[in-house]
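Report on the structure given below.
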Amino acid sequence: LMRRRRHTSTPAPGVDKRLPSSGGAYRLAFYLARLWNYGYAPQRQADPGPPAGADARPASSLEMLKEEKQMSQTPRNKMLTRMEEVRAQVAERDELIEIIAIALLTRKNVFILGDTGQAKSAVINLFRAGITGTNQFERLMSKQTDEEALFGRLDLSSLIPGGVPEEVLEKDQHYQELRRKLETELQTGGPNSASQLADLTAEMEQYRKALAELHSGEPRIITKGKLPDSHIVFLDEIFKASDGILNALLTALNERRYTNEGKTIHIPTISFFSASNEIPNFANPEEKILKPLYDRFELKVVTEYVEDRDARLTILKQKQAAQGTAQNPSAVISLAELQAMQDEVLQVRVPDQVNELMDDVLCGLRGKGIHISDRKYFNYAPIAQAKAWLSGRDTVEPSDLTTLCAYLWTAPEERTIIQSTLERMCNDPLKDRLDTILAEAVEGYQEFTDTADAPAARRIGKLRDEFMS
């Protein structure tokens with residue numbers, strides 16, 4: 001605009017020289033109008049504002065504001081808001097909160113190791129409280145916890161000749177409608193109540209016999225309110241489970257199904273969560289049986305007591321202020337929205353260079369004595385995709401692999417080695433590669449100088465083979 005003003009013609013006498021010529025004025029008005037339409041309204045001092053009842057923003061600005069509000073409600077922002085709401089109620093649990101989100105986005109299971117009173121269960125419960133439209137199941141495990149307590153009991157009426165499984169009656173709309181009419185008639189009564197009750201009872205009995213012809217003799221499990229009916233499951237102290245239910249738990253965690261009386265039930269569970277203050281001693285023959293169960297939790301997190309003084313005091317004051325009051329989650333995610341998020345995560349691209357870097361990480365960790373199975377290696381991608389998605393990207397970057405520490409460690413003491421390796425190799429992979437080459441060069445040169453008595457051709461040839469091959 002300034003360039004255009006300098007090239008305008010000389011104003012006629014009597015015209016204010018501070019204004020551009022008529023052509024410049026039209027161009028200036030044109031550009032200002034375009035800026036206004038894009039929301040860049042000029043700032044004016046002492047603006048009296050719009051008349052009463054009029055909107056202060058032009059239509060284009062209101063549309064931009066509406067679009068901005070809609071963008072804030074994108075699936076990713078909803079998940080980030082849910083995470084932030086949980087983070088505001090606890091201290092020093094960022095890793096755990098992110099891993100719970102990643103687990104829900106990738107349908108993985110999470111195990112949390114930490115001492116008593118470290119808000120392990122609290123964080124899980126706070127997070128899942130904001131997932132609406134889901135059936136959720138929670139159980140504190142013990143040796144007395146039997147299969148019926150977790151998976152439901154056998155419906156005996158399904159085995160009795162002429163009986164109808166309760167599950168069939170609950171799902172049959174016509175039968176439920178007849179039942180509601182019968183209940184209403186019993187409550188209200190009336191002059192013809194007796195005859196109407198008799199007619200409704202007879203109709204229900206006739207319809208029940210018809211259902212029995214179709215469904216009688218089929219073993220059914222009453223799963224309502226139990227694990228096979230739940231989308232999110234929290235089994236606290238899972239390693240205290242009795243040996244009798246281990247096989248059922250293993251199948252549920254790994255294959256999302258449950259079999260009883262020859263009937264297999266699909267389990268809709270998105271993620272299983274568990275927490276404990278100890279890991280079984282798998283070297284002990286009595287506890288070795290729990291190793292497969294431990295391995296079914298793909299993601300693992302270790303918690304510690306809150307170290308920062310200010311963080312402790314902040315949470316302390318919050319709890320004292322909220323004493324006796326229940327806080328309902330304001331940032332909620334529906335089941336349909338969570339499923340849409342899972343679909344978006346699957347669309348995140350994993351470049352070949354990231355796969356090659358992950359292979360380098362695998363070799364580096366195995367070289368340090370860390371056991372990483374092929375199954376873990378081949379299935380790392382969803383976790384990196386979820387991390388990239390949470391960061392607002394549609395392509396996985398090397399830095400996203402740093403979150404794999406929770407996926408790769410088996411024994412808690414492995415975490416330090418794995419985390420340092422991931423940070424060194426993934427935060428700046430080019431630097432790491434150059435450092436490796438430099439170290440090899442220094443080692444080769446040292447060997448070259450140490451073999452001074454050897455023929456020069458052989459000494460040079462070895463260096464050439466090392467770096468020119």
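Worth knowing before you read on, the calculation uses all heavy atoms, side chains too, and leaves out hydrogens, waters and symmetry mates.
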Tell me, yes or no, whether the heavy-atom count around [X] atom [atom1], taken from other residues, nucleotides or ligands under 6.0 Å, exceeds 12.
X: Lys181; atom1: NZ; value: no
X: Arg180; atom1: CZ; value: yes
X: Lys143; atom1: NZ; value: yes
X: Lys368; atom1: NZ; value: yes
X: Glu177; atom1: CD; value: yes
X: Arg366; atom1: CZ; value: yes
X: Asp343; atom1: CG; value: yes
X: Asp394; atom1: CG; value: no

Using side-chain contact (heavy atoms from CB on, under 4.5 Å), reason through Ile333 and Met341 one step at a time and then give a plain yes or no. CA-CA 10 Å; Ile333 299 170; Met341 294 175 190; 3.7 Å; yes
Contact summary for [X] and [Y], nearest pair of heavy atoms:
X: Ile315; Y: Ala88; value: CD1-O, 4.2 Å
X: Pro329; Y: Ala129; value: CG-O, 3.5 Å
X: Ile267; Y: Pro228; value: CG1-CA, 4.0 Å
X: Glu92; Y: Asp308; value: OE2-N, 2.7 Å
X: Met79; Y: Leu105; value: CE-CD2, 4.0 Å

Could you go through the side-chain hydrogen bond (donor to acceptor under 3.5 Å, both in side chains) check for Glu183 and Gln187 one step at a time? CA-CA 6 Å; Glu183 291 174 349; Gln187 292 174 359; 5.6 Å; no
Atom pair [atom1] ([X]) and [atom2] ([Y]), whose distance is rounded to the nearest 0.5 Å:
X: Gln385; Y: Asp400; atom1: CD; atom2: CG; answer: 10.0 Å
X: Arg153; Y: Ile221; atom1: CZ; atom2: CD1; answer: 10.0 Å
X: Gln173; Y: Gln176; atom1: CD; atom2: CD; answer: 9.5 Å
X: Ile99; Y: Ser271; atom1: CD1; atom2: OG; answer: 11.5 Å
X: Ser142; Y: Glu237; atom1: OG; atom2: CD; answer: 10.5 Å
X: Ser399; Y: Lys387; atom1: OG; atom2: NZ; answer: 8.0 Å

Would you check if [X] and [Y] make a side-chain contact, meaning some heavy-atom pair closer than 4.5 Å?
X: Leu150; Y: Met141; answer: yes
X: Glu414; Y: Leu365; answer: no
X: Val123; Y: Leu126; answer: no
X: Leu338; Y: Thr134; answer: no
X: Arg257; Y: His266; answer: no
X: Lys300; Y: Leu113; answer: no
X: Phe273; Y: Asp236; answer: no
X: Asn427; Y: Thr402; answer: yes

Start with the C-alpha gap between Ser334 and Thr132, add the side-chain angles, then the distance that decides, and say whether side-chain hydrogen bond (donor to acceptor under 3.5 Å, both in side chains) holds. CA-CA 5 Å; Ser334 69; Thr132 62; 5.2 Å; no
Assess whether ring pair (Phe, Tyr, Trp, His ring centres under 6.0 Å) is satisfied between Tyr294 and Phe282, documenting all intermediate values. CA-CA 10 Å; Tyr294 179 71; Phe282 301 123; 5.3 Å; yes
Test side-chain contact (heavy atoms from CB on, under 4.5 Å) on Ile102 and Val110 and set out the steps. CA-CA 10 Å; Ile102 289 175; Val110 179; over 6 Å; no
Checking Ser276 against Glu278: is there a side-chain donor and acceptor pair closer than 3.5 Å?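 There is no such pair between these side chains.
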Donor + acceptor pair across side chains of Glu85, Gln89 (<3.5 Å):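 Side-chain D/A pair, Glu85 to Gln89: absent.
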Are any of the side-chain nitrogens in Arg128 or Glu138 under 4.0 Å away from the carboxylate oxygens of its partner?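 Between Glu138 and Arg128 there is a salt bridge, with a charged N closer than 4.0 Å to a carboxylate O.
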Could you tell me whether Asp295 and Lys291 make a salt bridge, using a distance below 4.0 angstrom between a side-chain N and a carboxylate O?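 Judged by the 4.0 Å cut-off on N to carboxylate O distance, Asp295 and Lys291 do form a salt bridge.
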Let me see the working for Asp359 and Tyr377 under side-chain hydrogen bond (donor to acceptor under 3.5 Å, both in side chains), right down to the final yes or no. CA-CA 8 Å; Asp359 199 84; Tyr377 168 69; 2.7 Å; yes
Quick one: do Thr251 and Tyr258 satisfy side-chain contact (heavy atoms from CB on, under 4.5 Å)? Show the steps, please. CA-CA 7 Å; Thr251 306; Tyr258 170 65; over 6 Å; no
Take Phe239 and Phe111 through the ring pair (Phe, Tyr, Trp, His ring centres under 6.0 Å) test and state the conclusion after the steps. CA-CA 11 Å; Phe239 299 119; Phe111 171 71; 5.4 Å; yes
Does NZ or CZ of Lys108 fall inside the cone over Phe272's six-membered ring, less than 6.0 Å from its centre and within 45° of the axis?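 That pair does not qualify as a cation-pi contact.
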